Amino acid sequence: MSDLNDLDDSVAAAAFRRLVLHLRHRDDAQNVDLMGLAGFCRNCLSDWVQEASHGSLDKDAARETIYGMPYSEWKTHHQGDATPEQLQRMKDSVAKNA
């Protein structure tokens with residue numbers, strides 16, 4: 001298995017930017033569904049960006065970086081109410097993250 005640390009930073013950055021642009025485009029992919037399938041979502045990405053910034057980005061700025069707009073605005077326009085089934089899938093999936 002290849003060591004992830006061997007991945008060139010510019011290649012990793014380009015792939016990350018493409019992922020973020022893809023998630024911005026696919027606003028129909030709800031965070032709760034992403035969590036249910038993969039155990040992470042846009043909020044997780046924004047948390048990771050904030051952590052990697054070593055304090056230069058606060059939570060709101062990191063979220064705006066990922067969402068392309070203030071998080072509250074994105075929620076208003078794109079986020080629906082989660083169903084009990086979605087919430088259970090998310091809970092089960094997140095349990096695998098430990």
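Sequential numbering from 1 along the given sequence is applied to the chain's residues. Please read all numbers here as calculations on a predicted model, not as lab measurements.
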Linked, directly or transitively: Leu57 and Leu19 (ILVMFWY side chains, under 4.5 Å): yes
Does the side-chain contact (heavy atoms from CB on, under 4.5 Å) test come out yes or no for Leu87 and Met90, once each step is laid out? CA-CA 5 Å; Leu87 293 172; Met90 181 180 75; 4.1 Å; yes
How many angstroms lie between NZ in Lys91 and OG in Ser93, if you round to the nearest 0.5 Å? 13.0 Å
Kindly check if the number of other-residue, nucleotide or ligand heavy atoms within 6.0 Å of NE2 (His25) is above 12? no
For residues Gln50 and Lys59, report the shortest heavy-atom separation together with the two atoms involved. NE2-N, 3.3 Å
Supply the atom-to-atom distance Cys41 SG to Leu34 CG, rounded to the nearest 0.5 angstrom. 6.5 Å
Out of curiosity, Asn43 CG to Ile66 CD1, how far, rounded to the nearest 0.5 Å? 9.5 Å
Under a single-linkage definition using a 4.5 Å side-chain heavy-atom cutoff for Ile, Leu, Val, Met, Phe, Trp and Tyr, are Met35 and Val20 assigned to the same hydrophobic cluster? no
From CA spacing to verdict: side-chain contact (heavy atoms from CB on, under 4.5 Å), Val32, Gln79: CA-CA 9 Å; Val32 69; Gln79 185 169 311; over 6 Å; no
Aromatic ring pairing Tyr67/Tyr71, orientation class (parallel under 30°, perpendicular over 60°, tilted between): tilted
Please give me the minimum heavy-atom distance between Arg89 and Asp33, naming the atom from each residue. NH2-OD1, 4.1 Å
Verify the neighbour count for atom CG of Asp9: are there more than 12 heavy atoms of other residues, nucleotides or ligands below 6.0 Å? no
Is there a chain of hydrophobic side chains (I, L, V, M, F, W, Y, each step under 4.5 Å between heavy atoms) that links Trp48 to Leu23? yes
Atom CG of Asn97 with >12 non-hydrogen neighbours under 6.0 angstrom: yes
Side-chain (Ser46) to main-chain (Ala62) donor-acceptor, under 3.5 angstrom: no
Is a side-chain donor or acceptor of Gln86 paired with a backbone partner of Thr83 at a separation under 3.5 angstrom? yes
In this structure, would Val11 and Phe16 fall into the same cluster of hydrophobic residues linked by side-chain contacts under 4.5 Å? no
Evaluate Trp74 against Arg63 for side-chain contact (heavy atoms from CB on, under 4.5 Å), listing each step before the verdict. CA-CA 10 Å; Trp74 190 89; Arg63 284 195 173 178; over 6 Å; no
Of the non-hydrogen atoms in Gln30 and His78, which two are nearest, and what is the gap between them? NE2-O, 2.7 Å
